[in-house]
Structures are given as structure tokens and as C-alpha cells.
Protein chains: 2
Amino acid sequence: MLVRDIRQELERYRAICRARGIPCTRQRLAILEAVLTRTNHPTADEVHATVTRRLRSVSRPTVYRVLEELVEMGLIGKACHPGKAVRFDRRTDLHHHLVCLRCNSIIDISDPRLDAVQVPDTRKYGFKVSDFRVQLRGLCTKCLKREEEK
Amino acid sequence: MLVRDIRQELERYRAICRARGIPCTRQRLAILEAVLTRTNHPTADEVHATVTRRLRSVSRPTVYRVLEELVEMGLIGKACHPGKAVRFDRRTDLHHHLVCLRCNSIIDISDPRLDAVQVPDTRKYGFKVSDFRVQLRGLCTKCLKREEEK
DNA sequence: TTAAGTGCAAAAGCTTTGCGGGTAG
DNA sequence: CTACCCGCAAAGCTTTTGCACTTAA
């Protein structure tokens with residue numbers, strides 16, 4: 001993500017906070033910036049590590065609380081993955097994922113043909129679809145290499 | 001899954017164990033059966049609860065170990081989801097998921113149009129795709145209802 | 001018989017909660 | 001000034017590890 005776009009997102013966040021009467025603290029801004037700056041799909045703990053590099057003594061509970069709040073606000077998303085720690089996604093627009101079944105890492109991909117998926121009727125499940133992701137599952141470079149070494 | 005199919009899968013498991021010289025214990029059979037019998041996508045803990053109903057005193061570590069082993073063998077899969085506890089999937093064939101972003105529940109769906117997704121070239125990422133899932137994300141019946149009540 | 005599997009206990013890893021002091025508006 | 005946020009500590013879940021005993025083949 002470009003520095004310009006990150007600034008813009010942070011400004012948008014400030015506006016939303018003002019509108020809702022939520023205090024826009026240094027911690028909140030640093031946490032959002034940490035997610036937007038990353039190119040992968042970090043866990044809460046990884047975000048915490050990034051944030052504390054700049055702003056010492058931001059606590060883990062605050063990171064968890066704020067990340068959840070940012071998801072609620074729709075500024076970031078949660079990524080679907082096969083592992084155990086929740087992973088966050090700086091992108092909320094239509095895009096897709098390469099998911100490594102060995103190390104659970106996720107890589108973003110964009111492809112117009114994947115965007116063109118026809119969402120089927122899910123009314124019989126009582127389920128309301130808001131968006132979709134195509135997950136291409138397999139092995140990433142690292143895990144592939146380790147596999148070959150065996 | 002039909003009782004007949006479950007029997008068949010268990011038999012297949014026995015054969016694989018024999019071939020590999022792995023002891024086919026009561027615990028292993030009970031754990032595989034527990035996953036195959038469920039219609040949802042249980043966590044390891046939920047599998048443990050199901051198993052201990054029949055076979056008292058199967059330990060949690062055993063459930064975790066065996067589930068991982070079954071995934072390695074390709075008899076069951078892991079489901080991608082936005083939550084924190086790993087979820088298992090009795091189906092390993094091509095199918096897709098409705099994923100609730102509120103409660104992380106997963107519902108299987110089959111749709112020929114979703115199966116027809118054209119997998120793009122991922123060589124530039126060094127990533128080897130083995131299969132794919134389309135994840136339709138949104139809110140399940142329960143969470144939708146709770147949302148309306150607010 | 002014997003190699004491997006299992007249960008137990010404990011530790012490690014991830015996430016949430018409650019509360020008193022601190023701070024943005 | 002005041003309501004809300006934050007850090008701390010502690011608890012709660014989820015998963016893994018090491019070891020001695022048991023068991024399938």
C-alpha cells in the first residue's frame with residue numbers, strides 16, 4: 001500500500017472517530033497503521049510486535065481490542081485460514097488468497113476471472129452473503145522446498 | 001454422510017494403517033468416526049467431546065495428534081475460517097463454504113458453477129496449488145436474527 | 001515381544017476480562 | 001471535568017511436549 005493511501009486511510013479513521021465521538025488515541029492510530037503497512041496477513045501478536053517497535057509499552061489487550069474494533073468499523077478484515085491464531089487483512093476490497101496448508105501463510109492475489117464468480121442463491125440456508133474469496137490452497141515456496149529436501 | 005459410507009471409510013483407514021504398519025487403535029477409529037459423523041466443521045475440542053461420549057478417557061493430546069495424522073493421510077481436511085480454533089472438515093472432495101463472519105460457523109455447499117473456477121497461474125509466487133474453495137462470507141441465520149433484534 | 005500409541009501432567013501459545021489510574025475531548 | 005481508554009495482572013481457552021505405562025501386531 002502506498003504511503004499516500006495509508007495517510008488517507010488514517011485520515012478517514014480520524015473522521016470516523018470524530019463522528020462517533022470516539023477518542024482517536026496514539027495507540028489506535030499506530031495499530032491501524034501497523035496493519036496497513038504490512039504486506040502479509042499478521043496475527044494480533046505480530047501487529048503488537050510491529051506497534052511496540054515505535055510506541056513502547058502498548059499492551060497486548062489493547063491491540064486485541066482495537067483490532068476487533070477496526071474489523072467492526074470495516075477498516076480492516078479478518079482472513080480465513082486453516083491455522084489457530086486469528087489473522088487480519090489490510091484489504092477489504094474484492095481479492096483472493098493463496099493459502100499454504102503447511103505454514104498457514106496467506107498471499108493476496110487479484111484476478112478478474114476469480115472476481116467473476118457467480119454467487120449462488122443461499123436463501124435456503126438462511127445465510128446472507130456479503131462478499132466472497134477464492135482460496136487457492138497448496139504449498140508456498142518455503143514449504144515446497146522443505147518438502148523436496150526430505 | 002451415510003452409515004454405509006462411514007463404514008467404508010473406516011475400512012479404508014484400516015487398510016492404510018495395515019499398509020503402513022501403523023497400529024489401528026480404538027482411539028484412532030473413534031476419532032475418525034467422530035469427524036465423519038458430524039455434519040458441521042468441529043474443533044479438536046468438539047471432536048474430543050464426541051469421542052469421550054462413547055470411549056471414556058480418551059485424552060485431548062491423543063485427539064490432537066490423531067486429527068493431525070488423519071489430515072496428513074488425506075482422510076480429512078482442515079477448513080479455512082476467520083476464528084482461532086482449528087476446524088476440521090470431513091470432506092476432502094471439491095466443495096465450497098458459507099462462512100459466518102460473526103460466529104465462525106461453516107456450512108458446506110456444492111455448486112457446479114463454483115467448481116468451474118479457472119485456477120490462475122501461480123508460478124510467479126512459487127506457489128503450488130493443490131485445490132481450491134470458494135468462501136461465501138456473511139452472516140448465518142442465528143447471527144442475522146441477533147443483528148435484527150438490536 | 002517390542003515398537004509405537006496413549007494418558008497424564010505440565011508448559012506453551014493465544015485471547016479475554018476486571019479494575020484502577022490516565023487521557024482525549 | 002468526565003467519560004472512556006489504556007496498561008497490568010490474572011484467568012481462560014487452545015495446543016503441544018515429555019515421560020512412563022499400555023497395547024496392537
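Keep in mind that the numbers below use all heavy atoms, side chains included, and drop hydrogens, waters and symmetry copies. Quick note on labels: first sequence line is chain A, next is B, and so on, each numbered from 1.
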A.B. asks: Let me see the working for Arg102(B) and Glu72(A) under salt bridge (Lys or Arg N to Asp or Glu O under 4.0 Å), right down to the final yes or no.
C.D. replies: CA-CA 10 Å; Arg102(B) 181 86 68 222; Glu72(A) 282 297 312; 3.5 Å; yes
A.B. asks: Let me know the distance between CD of Gln27(A) and C1' of dC4(D), rounded to the nearest Å.
C.D. replies: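 After rounding, the reported distance stands at 13 Å.
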A.B. asks: How close or far is atom C1' of dT15(D) from atom CG of Leu67(B), stated in whole angstroms?
C.D. replies: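 Rounded to the whole Å, the gap is 12 Å.
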A.B. asks: May I have the distance from Asp45(B) (atom CG) to dT15(D) (atom P), rounded to whole angstrom?
C.D. replies: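 Checked: the CG to P distance equals 8 Å.
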A.B. asks: Between dC6(D) atom P and Leu55(A) atom CG, what is the distance in whole Å?
C.D. replies: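 Interatomic distance, CG of Leu55(A) to P of dC6(D): 11 Å.
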A.B. asks: What is the first contacted nucleotide of DNA chain C and what is the last, in 5' to 3' order, if contact means an atom lying under 4.0 angstrom from a heavy atom of chain A?
C.D. replies: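 Listing 5' to 3', DNA chain C meets chain A from dC14(C) to dG25(C).
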A.B. asks: Is it true that Asp111(A) and His95(A) share a donor-acceptor pair across their side chains at a distance under 3.5 Å?
C.D. replies: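 Absent: no donor and acceptor within the cut-off.
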A.B. asks: Please evaluate residues Asp108(B) and His97(B) with respect to the criterion side-chain hydrogen bond (donor to acceptor under 3.5 Å, both in side chains), reporting the C-alpha separation (whole Å), side-chain torsions for both, the decisive distance (0.1 Å), and the verdict.
C.D. replies: CA-CA 5 Å; Asp108(B) 285 333; His97(B) 288 150; 3.1 Å; yes
A.B. asks: For Arg18(A) and dC4(D), what is the distance between atoms CZ and P respectively, to the nearest whole Å?
C.D. replies: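 Rounded to the whole Å, the gap is 19 Å.
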A.B. asks: Find the distance between NZ (Lys78(B)) and CG (Leu101(A)) and round it off to the nearest 0.5 Å.
C.D. replies: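 It is 8.5 Å, given to the nearest 0.5 Å.
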A.B. asks: Counting only heavy atoms and a strict 4.0 angstrom limit, can you tell me which residues of residues 78-88 of chain B come near DNA chain D?
C.D. replies: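 Going residue by residue through residues 78-88 of chain B, the ones with a heavy atom under 4.0 Å of DNA chain D turn out to be Ala85(B), Val86(B).
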A.B. asks: Counting heavy atoms from C-beta on, name the nucleotide in dA9(D), dT14(D), dC6(D) closest to the side chain of Arg28(A).
C.D. replies: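 Among the listed nucleotides, the one closest to the side chain of Arg28(A) is dC6(D).
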A.B. asks: How bent is the helix from dT1(C)-dA25(D) to dG25(C)-dC1(D), measuring the angle between the end axes built from five pairs each, rounded to 10°?
C.D. replies: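 Taking the rotation axis at each end, their angle is 40°.
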A.B. asks: State the CD-OG1 distance between Glu69(A) and Thr62(A), to the nearest 0.5 angstrom.
C.D. replies: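 It comes to 10.5 Å.
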A.B. asks: Pick the nucleotide of DNA chain C nearest each of Ile22(B) and Pro61(B); which residue has the one closer to the 5' end?
C.D. replies: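 Per heavy-atom nearest nucleotide, the more 5' residue is Ile22(B).
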A.B. asks: Is there a side-chain contact between Cys140(B) and Cys103(B) in this structure, where contact means two heavy atoms from C-beta onward sitting under 4.5 Å apart?
C.D. replies: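 With C-beta onward as the side chain, the pair touches.
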A.B. asks: Could you check whether Arg137(B) and Ser130(A), counting side-chain N and O atoms only, form a donor-acceptor pair closer than 3.5 Å?
C.D. replies: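 There is no such pair between these side chains.
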A.B. asks: When you measure from the side chain of Thr122(A) to the backbone N and O of Phe127(A), does any donor-acceptor pair fall under 3.5 Å?
C.D. replies: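 Yes; at least one donor-acceptor contact below 3.5 Å.
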A.B. asks: Which residue lies toward the 5' end of DNA chain D, Thr43(B) or Ser59(A), if each is placed at its nearest nucleotide?
C.D. replies: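 Taking each residue's closest nucleotide, the earlier one in sequence belongs to Ser59(A).
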A.B. asks: How close or far is atom P of dC5(D) from atom CD1 of Ile31(A), stated in whole angstroms?
C.D. replies: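 Taking CD1 of Ile31(A) and P of dC5(D), I get 13 Å after rounding.
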A.B. asks: Is a side-chain donor or acceptor of Arg28(A) paired with a backbone partner of Pro23(A) at a separation under 3.5 angstrom?
C.D. replies: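 Pair found, side chain donor or acceptor close to backbone of Pro23(A).
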A.B. asks: Would you find a donor on one side and an acceptor on the other, under 3.5 Å apart, between the side chain of Arg90(A) and the backbone of Thr37(A)?
C.D. replies: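 No; judged by distance alone, with no hydrogens or angles, the pair does not exist.
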A.B. asks: Between Asp115(A) and His96(A), is any side-chain donor less than 3.5 angstrom from a side-chain acceptor?
C.D. replies: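 Indeed, the side chains of Asp115(A) and His96(A) share at least one donor-acceptor pair under 3.5 Å.
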A.B. asks: Any side-chain N or O of Arg60(A) under 4.0 Å from OP1/OP2 of dC8(D)?
C.D. replies: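 Indeed not, no polar side-chain atom of Arg60(A) lies that close.
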A.B. asks: Nearest whole angstrom, please: distance from the P of dC5(D) to the CG of Leu32(A).
C.D. replies: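 My rounded result for the distance is 16 Å.
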A.B. asks: Look only at the side chain of Glu68(B) and the backbone of Arg65(B), and say whether a donor-acceptor pair between them is shorter than 3.5 Å.
C.D. replies: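 Judged by distance alone, no pair lies under 3.5 Å.
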A.B. asks: By nearest atom, which of the nucleotides dT15(D), dA24(D), dC8(D) is closest to the Ala44(B) side chain?
C.D. replies: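 Looking only at heavy atoms from C-beta outward on Ala44(B), the closest nucleotide is dT15(D).
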A.B. asks: Using only side-chain N and O atoms of Thr25(A), determine if any of them is under 4.0 Å from OP1 or OP2 of dC6(D).
C.D. replies: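 Affirmative; the distance criterion is met.
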